[in-house]
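Since we're looking at a predicted model, the values are computed, not measured.
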Amino acid sequence: RLPMGYLDKTPMGQLLTRITNDAESVSEIFSMGAVQLLGDILFLIATMIMRFFVNIKLTLYTLTIFPFLFFGLALFRRLSQKAFIRVRSSLSLLNSFLQEYLSGASTVQMSGQVKNSNEKFDDQNQNYLKANKKAVLLDASIYSFVDCMSYITIAVVLLGATSLKFENALQLGVLVA
């Protein structure tokens, strides 16, 4: 529950933006996020169980990268959360400015403040653009990080496989599986 004073002092554009973004976020979580996350977790668990049955040592080589992966993803999650909060906040400010400007456009024009209002809009628009660029860069970096960890895991497994091959404890079919 919000006090009535909050609604009096918060611009309408800011309220609408927050309501719209929050509703979209909740909808996205229920429609795709939760189902995909559950499927990915089940696939990962099933794969690890199968790998333990095929070759325990190779599975342990694979698992050595997990702490780095989890630590990196946790760091990216924190950074991304801050970046997307900045995006949401700057969009909210931009929309509230637009709502106030459009509802009082005639007053702004009569008082000769059009140039000043355009400069304020440009500033807020640039802040929104910068926040979006940072959020997109972080989002893209997560995929690059995961790909890098995947390649490192493959290298670790291949190095481990060569030592197992020299011990005659590994067959090529097991490595491929």
Side-chain angles (χ1 to χ4, degrees), residues 2 6-7 9-48 51 58-103 105 108 113-160:
L2 294 173
Y6 177 80
L7 299 174
K9 68 180 180 181
T10 306
M12 179 63 71
Q14 195 171 6
L15 290 172
L16 288 175
T17 300
R18 286 189 178 167
I19 289 170
T20 304
N21 285 343
D22 290 348
E24 286 177 11
S25 297
V26 170
S27 173
E28 186 177 317
I29 286 172
F30 286 118
S31 66
M32 292 297 291
V35 173
Q36 187 174 2
L37 180 65
L38 181 64
D40 290 346
I41 289 172
L42 290 175
F43 178 75
L44 182 64
I45 291 170
T47 303
M48 284 298 139
R51 285 183 178 195
L58 276 182
T59 304
L60 293 176
Y61 285 131
T62 304
L63 293 176
T64 58
I65 208 73
F66 272 66
F68 301 106
L69 181 66
F70 288 133
F71 175 74
L73 289 177
L75 177 67
F76 274 114
R77 185 186 61 82
R78 260 187 275 128
L79 293 173
S80 294
Q81 184 179 22
K82 289 177 185 177
F84 281 106
I85 286 172
R86 272 189 233 113
V87 167
R88 201 171 91 192
S89 175
S90 60
L91 177 62
S92 177
L93 291 173
L94 184 64
N95 282 341
S96 65
F97 175 81
L98 278 174
Q99 190 272 334
E100 289 174 6
Y101 178 80
L102 293 174
S103 65
V108 171
Q113 296 295 315
V114 174
K115 184 177 179 183
N116 187 25
S117 293
N118 286 344
E119 289 172 0
K120 285 182 183 178
F121 175 77
D122 287 341
D123 288 343
Q124 291 189 357
N125 197 24
Q126 286 300 314
N127 288 339
Y128 178 61
L129 179 65
K130 287 176 189 175
N132 260 316
K133 282 183 178 181
K134 185 171 184 174
V136 168
L137 178 66
L138 280 169
D139 191 46
S141 298
I142 290 172
Y143 295 108
S144 299
F145 174 74
V146 170
D147 282 347
C148 179
M149 289 291 110
S150 174
Y151 296 137
I152 290 172
T153 302
I154 291 169
V156 168
V157 168
L158 288 175
L159 285 172

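- Looking at S80, its side chain does come within 3.5 Å of a backbone N or O of F76 through a donor-acceptor pair.
- The closest side-chain heavy-atom distance from N95 to L91 is below 4.5 Å.
- For F121 against L94, the heavy-atom pair with the smallest separation is CE1-CD1, 3.5 Å.
- A 4.5 Å side-chain heavy-atom check between T64 and F68 finds every atom pair outside the cut-off.
- Summarising the geometry, atom CZ belonging to F66 is positioned 4.0 Å from atom CE belonging to M48; distances are rounded to the nearest 0.5 Å.
- S150 contributes no side-chain N or O that, together with a main-chain N or O of V146, makes up a donor-acceptor pair within less than 3.5 Å.
- L129 CG to K134 NZ: the interatomic distance, rounded to the nearest 0.5 Å, is 14.0 Å.
- The CG atom of L79 sits 10.5 Å away from the CZ atom of R77 when rounded to the nearest 0.5 Å.
- Separation of atoms NZ (K82) and CD1 (I85) is listed at 9.0 Å; rounding is to 0.5 Å.
- For the atom pair F145 CZ and L69 CG, the distance stands at 5.5 Å (nearest 0.5 Å).
- Taking CG from N127 and OG from S90, the interatomic distance works out to 7.0 Å, rounded to the nearest 0.5 Å.
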